[in-house]
**Student:** 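I'd like to ask some things about the structure below.
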Amino acid sequence: MGRKVTMYKPTSVLYTKDQLMNVFKSHDADGDGKLLREELKKAFKYLGSRWGSYRTEQALRFTDANDDGYIDEKELEKLVDYTLKRRYTVV
């Protein structure tokens, strides 16, 4: 007799684009429409990143188009797209 293969369904739910947008906007501590490095790091920690500093540097590298050291409202969508590819889950 052959073994029965059981398929497991993932129980985790991935963040949506809108949810990630809200997470990042909520970490804009001073409400200036810019995510500074420390605010971004806190947002990634909130999302469950074990390497918040690394993820922050990578996110800035890939999404900070004008290389000014923070994410502005124009770059926010690119940040969300970057984060979606990392497949963070709602806990």
**Student:** Examine W51 and Y15 and state if one hydrophobic cluster contains both, with Ile, Leu, Val, Met, Phe, Trp and Tyr joined whenever side-chain heavy atoms are less than 4.5 Å apart.
**Tutor:**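 No; tracing contacts between hydrophobic side chains, which count when under 4.5 Å, never links both residues.
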**Student:** Write out all pairs satisfying salt bridge (charged side-chain N to carboxylate O under 4.0 Å, His left out) with one or both partners inside residues 59-71, taking only residues at least two apart or from two chains.
**Tutor:** none
**Student:** Taking all heavy atoms of Q19 and all of T16, pick out the closest pair and write down the distance.
**Tutor:** OE1-N, 2.8 Å
**Student:** Counting only heavy atoms not in E73, do more than 12 sit closer than 6.0 Å to its CD atom?
**Tutor:**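 No, the 6.0 Å shell around CD holds no more than 12 heavy atoms from other groups.
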**Student:** Given the rule that I, L, V, M, F, W and Y join up when any side-chain heavy atoms are under 4.5 Å apart, are V23 and M21 in one cluster?
**Tutor:**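 Same cluster: V23 reaches M21 through Ile, Leu, Val, Met, Phe, Trp or Tyr contacts under 4.5 Å.
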**Student:** Between side-chain atoms of residues 38-46 and protein atoms elsewhere (two or more places apart, or another chain), which donor-acceptor pairs fall under 3.5 Å?
**Tutor:**
from, atom 1, to, atom 2, distance (Å)
E39, OE1, L36, N, 2.8
E39, OE2, A29, N, 2.9
K41, NZ, S53, OG, 3.1

**Student:** Donor-acceptor pairs are to be reported for all side-chain atoms of residues 80-91 against protein atoms at under 3.5 Å, with residues two or more places apart or in another chain.
**Tutor:**
from, atom 1, to, atom 2, distance (Å)
D81, OD1, K17, NZ, 3.0
Y82, OH, R55, NH1, 2.7
T83, OG1, L79, O, 2.8
R86, NH1, Y82, O, 2.8

**Student:** Give a yes or no on whether Y54 atom OH has more than 12 heavy-atom contacts from other residues, nucleotides or ligands under 6.0 Å away.
**Tutor:** no
**Student:** Might you work through the side chain to side chain contact (heavy atoms under 4.5 Å, CB included) test for D72 and L35, ending with a clear yes or no?
**Tutor:** CA-CA 6 Å; D72 60 30; L35 282 170; over 6 Å; no
**Student:** Look at atom CD of E57 and say whether more than 12 heavy atoms of other residues, nucleotides or ligands are closer to it than 6.0 Å.
**Tutor:** yes
**Student:** Should F24 and L47 count as side-chain neighbours, where that means a heavy-atom distance under 4.5 Å?
**Tutor:** yes
**Student:** Count I, L, V, M, F, W, Y as connected when their side-chain heavy atoms are under 4.5 Å apart, and connections chain through other members. Are I71 and F62 then in the same cluster?
**Tutor:** yes
**Student:** Under the 3.5 angstrom rule, does the side chain of D28 hit a backbone N or O of D32 as a donor-acceptor pair?
**Tutor:** yes
